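Below is one structure, written out as structure tokens, with a few remarks after it.
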Amino acid sequence: MPTLRAWFGGLWTVVRAPHLVLFTYFLLAAVTVPAGIAVHFSLPAPPAQAPNPSERGAPDPDWLDEASLLPPVLLRTFGSSLVGVAAPLSHLSAIAEGTMPPWPGVAVTAVFFLCWTAMVGGLITRWRRDARIGARAFVQAALRSAPTLFILGGVGVLALVLILMTDRSVIGPIHAWLTAGMLERSAAIWRLALALPMALTLLVVGQVVDYTRIEAVVSGVGARESLSRAARLVRRRPTAVFGVVAFHGLVFAALVAGYGATEFVPGGSVPTLTRLLVAGQALIIGRLTLRLILLAAQVRLHQSSESSVSLPRLRRV
Amino acid sequence: MVRLAVVPIAAWLVSSAILSGQTTAAPVEEQRIDLVLASGARCELRLVLQRDHVAHASRIADAARESLELYSEWFAPYPLDHLTIVDLPWRAADPEGPVPGVVSIRARWLQPERSLTLESQIARGIARQWWGESVRMPARFLADGLAEYAQSRVVERIFDRRHQRMNYSLQELRLFDGFVPWAIRALRLDRQTSGIGRPLLRRNPLVDVNRDAPEPVRAAQMAKAAAAFATLERYLGWPALQRGLSAAARNFAGRAMPPDLFYATVGAAADRDLSWFFEEAFGRPALFDFAVTDLSSAPGEAAECGPADCYRTTVVVSRLGDGLFTGTSLLPVGDFEAGRAIEVKLTFADGYEVVEHWDGRRPSKTLVYHGPAPAVSAVVDPANKLLLDVNRLNNLRTISSPDTAAVLPWSARWTIWLQDLVLSYAFLF
């Protein structure tokens with residue numbers, strides 16, 4: 001099956017290049033850890049005496065709430081969604097609801113997104129050749145395609161904002177009107193049904209943008225021509241294109257579920273610092289790896305599409 | 001092209017409608033349960049539940065039984081022989097006014113076992129059968145505050161019975177437009193903080209309980225009143241407070257009880273004048289905030305210490321708000337303080353501890369000690385009695401720099417949260 005072949009091919013590609021995962025991880029750490037250090041030195045000490053003696057040592061929700069009201073801006077993002085698997089779930093929920101992240105998060109995300117977009121050109125070139133390329137060649141490939149990729153990245157962001165705003169400002173009120181007086185379960189099903197067109201639009205636009213990026217790096221043509229070719233590819237091989245993303249989604253769900261399961265093992269609900277860091281960074285590295293695998297799988301799919309188009313059709317004579 | 005699009009769209013709409021159960025019958029289901037309370041009293045419990053909430057019937061009945069038992073024990077026997085709990089339709093407006101014997105709740109389709117938000121609604125609504133129905137209270141904040149305070153005690157009992165842990169509930173997050181709940185196992189709520197809505201009070205510290213206000217402010221008024229009753233519990237002790245509430249409920253059953261009579265009844269049962277407390281807590285929108293604003297220890301002068309070495313320790317405790325917590329209605333005489341409600345505990349490096357008292361009337365008080373060891377820490381209200389204090393972070397001050405290792409788990413959690421946020425949004429495209 002082309003879907004599984006492409007995805008596992010991407011997996012094998014990334015496994016053979018762990019330094020790329022590490023580099024992306026350090027890039028992420030470089031933009032996030034300084035903010036974490038700033039938060040660390042802004043936080044007041046937890047109270048020595050928790051109200052309930054049996055809870056001393058466990059996270060104190062009251063202290064958490066008080067800390068979130070302190071003047072430093074970064075502390076305004078403090079809340080119960082910081083704890084454990086609530087973090088990834090709340091982010092997914094915010095995207096589904098069309099909610100923008102708090103502005104410190106927007107700033108850090110923008111910096112990382114720019115770095116990631118610049119890197120993508122080098123990654124695509126490396127995986128396209130399926131061979132190691134030196135650091136200089138990587139950087140040159142990245143810089144060569146960076147302007148086009150930044151334009152495409154900007155288009156992608158605008159499309160995302162438009163889709164999320166439409167979901168929030170149009171679908172939300174329609175849902176409220178449609179489900180007035182309904183059972184809550186029915187309202188939940190209708191919400192899912194109404195969100196489906198937006199989710200599908202997001203998916204299609206996302207895939208077109210992804211393959212446009214690959215086309216722009218591989219063929220070196222401009223953004224418009226790359227967009228046209230990418231749209232043709234998505235139209236020509238929808239099963240493979242969306243199959244890769246669907247399988248990727250399943251693996252991502254398994255990763256988040258695995259992270260959530262760590263809260264249910266003995267001692268998992270109030271983990272030690274070491275366990276907290278190990279589990280948390282395992283989730284982050286897992287997400288980074290999955291994203292690289294998806295990109296590698298898309299490059300393989302693009303490559304296989306090119307070769308199937310260029311081969312003449314065999315006819316029996 | 002349009003005709004081709006109509007068929008899948010129609011199929012999608014029809015399947016959604018069928019899945020959502022729009023073609024099936026009546027949305028409510030009724031159950032009747034005969035409750036026999038520990039006192040021998042009988043009560044017919046009628047549950048009117050939305051069809052998708054029927055699975056919660058046993059939880060609702062259990063919470064109702066526990067509430068009736070405990071309130072009958074604490075306040076007065078339940079005045080009626082029936083109770084109806086009505087599960088309001090989703091997004092329906094709140095009913096106009098309270099009705100005797102009827103409690104309205106908003107159950108959710110998905111309700112985690114360890115998040116007792118459903119039970120807290122039931123306990124709160126049933127408490128209003130005493131405070132507001134049986135005892136008519138013209139001051140709405142009193143009825144609301146008593147109901148909120150009472151439900152915190154009941155829900156803690158329920159959580160302890162079901163999960164063998166003295167907590168109020170787990171923190172619950174509502175995700176995906178509020179349809180999907182997630183109970184955070186690490187965040188265990190306490191009845192004397194989250195259970196009485198202290199986060200709301202913290203965000204509305206100057207709320208005036210005597211003002212008629214719409215819903216968001218009314219919730220803050222309820223939180224302030226509940227915090228006042230929780231403070232009284234910690235200051236007087238539960239037996240004394242319970243005596244006062246029971247006296248109020250029994251003596252004024254079926255009658256109106258103005259605030260002054262309520263305050264006098266509770267004070268008489270505790271055998272002390274509590275007007276100093278009720279005037280500050282409810283008479284005006286006072287801000288309660290006590291803090292240790294300075295702590296220093298340095299080697300003392302020979303003239304102060306004599307031949308032996310000693311340390312001079314200076315502590316300054318301050319009242320940052322205008323709310324007083326004096327402990328008495330008597331006025332001070334000259335330089336002497338009147339009242340001992342505020343405690344200040346000082347800990348020294350050799351393990352010695354000193355507990356001082358302060359009436360909190362002046363903006364600040366300076367305490368000076370000479371001793372063989374320097375001070376380590378000073379804390380105002382070490383026993384967390386004053387739950388009306390909106391900022392407890394400034395109650396403790398240490399000589400050495402705060403232990404930053406203690407906050408490392410939180411800064412680590414925040415960094416992981418930020419990393420996940422970046423990946424969630426940056427990888428969408």
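Naming convention: chains lettered A, B, ... in sequence-line order (proteins, then strands); numbering from 1 in each chain. Source: prediction; values computed, not measured.
- Top candidate by heavy-atom pairs under 4.5 Å with chain A, chosen from B/Arg191, B/Arg202, B/His53, B/Arg203, is B/Arg202.
- Looking at heavy atoms from C-beta onward, A/Leu64 lies in side-chain contact with B/Leu187 at the 4.5 angstrom threshold.
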Exercise. Give the C-alpha distance, both sets of side-chain angles, the deciding distance and a yes or no for side chain to side chain contact (heavy atoms under 4.5 Å, CB included) between A/Phe113 and B/Val422.
Key: CA-CA 8 Å; A/Phe113 181 69; B/Val422 169; over 6 Å; no
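- Contacts between B/Gln171 and chain A at a heavy-atom distance below 4.5 Å involve the side chain alone, from C-beta outward.
- Side-chain atoms of B/Trp414 and A/His40, non-hydrogen and from C-beta on, never get closer than 4.5 Å to each other.
- In this structure, no portion of A/Ser42 lies under 4.5 Å from any heavy atom of chain B.
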Quiz prompt | Verdict with supporting geometry, A/Val83 and B/Trp417, side chain to side chain contact (heavy atoms under 4.5 Å, CB included) | solution = CA-CA 8 Å; A/Val83 180; B/Trp417 170 87; over 6 Å; no
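- What you find for A/Pro44 and B/Leu393 is that their closest heavy atoms are CG-CD1, 3.7 Å.
- Within the 4.5 angstrom heavy-atom criterion, no atom of B/Val180 approaches chain A.
- Closest non-hydrogen pair, A/Gly36 versus B/Thr415, comes out as CA-OG1, 3.3 Å.
- When each of A/Gly84, A/Ala176, A/Ala110 is scored by its heavy-atom pairs under 4.5 Å with chain B, the top score falls to A/Ala176.
- Comparing B/Asp177, B/Asp420, B/Val407 by heavy-atom pairs within less than 4.5 Å of chain A, the highest count is held by B/Asp420.
- Considering all non-hydrogen atoms of both residues, B/Ser411 and A/Leu43 come closest at N-CD1, 4.1 Å.
- Both the backbone and the side chain of B/Pro199 come within contact range of chain A, with heavy atoms under 4.5 Å apart.
- Between B/Leu175 atom CG and A/Glu97 atom CD the span is 7.5 Å, to the nearest 0.5 Å.
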Self-check item: Derivation and outcome, side chain to side chain contact (heavy atoms under 4.5 Å, CB included), residues A/Leu288 and B/Phe427
Solution: CA-CA 9 Å; A/Leu288 278 170; B/Phe427 284 165; 3.8 Å; yes
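- In this structure, the portions of A/Ala94 lying under 4.5 Å from any heavy atom of chain B include both its backbone and its side chain.
- When side chains are defined from C-beta on, B/Pro89 does not count as touching A/Met182, because their heavy atoms never get closer than 4.5 Å.
- Side chain of B/Asp52 to main chain of A/Arg185: a donor-acceptor pair is present (N/O by atom type, distance under 3.5 Å, no hydrogens or angles).
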Practice problem: In sequence, state the C-alpha distance, the side-chain angles, and the governing distance for B/Ile416 and A/Thr32, and then conclude on side chain to side chain contact (heavy atoms under 4.5 Å, CB included). | Solution: CA-CA 9 Å; B/Ile416 294 167; A/Thr32 54; over 6 Å; no
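- With a 4.5 angstrom heavy-atom cutoff, B/Leu423 touches chain A via backbone and side-chain atoms both.
- Looking at A/Leu283, the atoms closer than 4.5 Å to chain B (heavy atoms on both sides) all sit in the side chain, from C-beta outward.
- Proximity to chain B (any heavy atom under 4.5 Å) is shown, for A/Ile37, by neither the backbone nor the side chain.
- In this structure, chain B has a heavy atom under 4.5 Å from the side chain of A/Ala96, while its backbone stays farther away.
- Of all the listed residues (A/Val108, A/Ile95, A/Leu277), the one sharing the greatest number of non-hydrogen pairs under 4.5 Å with chain B is A/Ile95.
- Checked against A/Glu184 for a salt bridge (Lys or Arg N to Asp or Glu O under 4.0 Å), the options B/Arg106, B/Arg51, B/Arg108, B/Arg91 give a single hit: B/Arg108.
- Interface residue A/Leu273: only side-chain heavy atoms are found under 4.5 Å from chain B.
- For CH2 of B/Trp238, the number of neighbouring non-hydrogen atoms (other residues, nucleotides, ligands) closer than 6.0 Å is greater than 12.
- Only the backbone of A/Thr99 comes within less than 4.5 Å of a heavy atom of chain B; no side-chain atom from C-beta onward does.
- Interface residue B/Leu173: only side-chain heavy atoms are found under 4.5 Å from chain A.
- For B/Asn391, the parts lying near chain A are the backbone and the side chain together; criterion is any non-hydrogen pair under 4.5 Å.
- Taking each heavy atom of A/Ala35 and B/Leu418 in turn, the nearest pair found is CB-CD2, 3.9 Å.
- A donor-acceptor contact closer than 3.5 angstrom is absent between the side chains of A/Ser93 and B/Arg174.
- Atom CD of residue A/Gln281 and atom CD of residue B/Gln419 lie 4.5 Å apart, to the nearest 0.5 angstrom.
- For the set A/Thr77, A/Val33, A/Leu294, the entry with the most heavy-atom pairs within less than 4.5 Å of chain B is A/Thr77.
- Ring-plane geometry between B/Trp410 and A/Trp63 is classed as tilted, the angle between the planes lying from 30 to 60 degrees on a 0 to 90 degree scale.
- When B/Ala107, B/Ala405, B/Gly178, B/Ala406 are compared by the number of non-hydrogen pairs under 4.5 Å with chain A, B/Ala406 comes out ahead.
- In terms of heavy atoms, B/Trp109 sits closest to A/Ala188 at CZ3-CB, 3.7 Å.
- Within the 4.5 angstrom heavy-atom criterion, no atom of A/Phe252 approaches chain B.
- Here the closest non-hydrogen pair linking B/Ala426 and A/Phe112 is CB-CD2, 3.8 Å.
- Side-chain contact, A/Ser90 with B/Trp182: no donor N or O sits under 3.5 Å from an acceptor N or O.
- Proximity to chain A (any heavy atom under 4.5 Å) is shown, for B/Ala92, by neither the backbone nor the side chain.
- Side chain of A/Glu66 to backbone of B/Arg392: a donor-acceptor contact under 3.5 angstrom is found.
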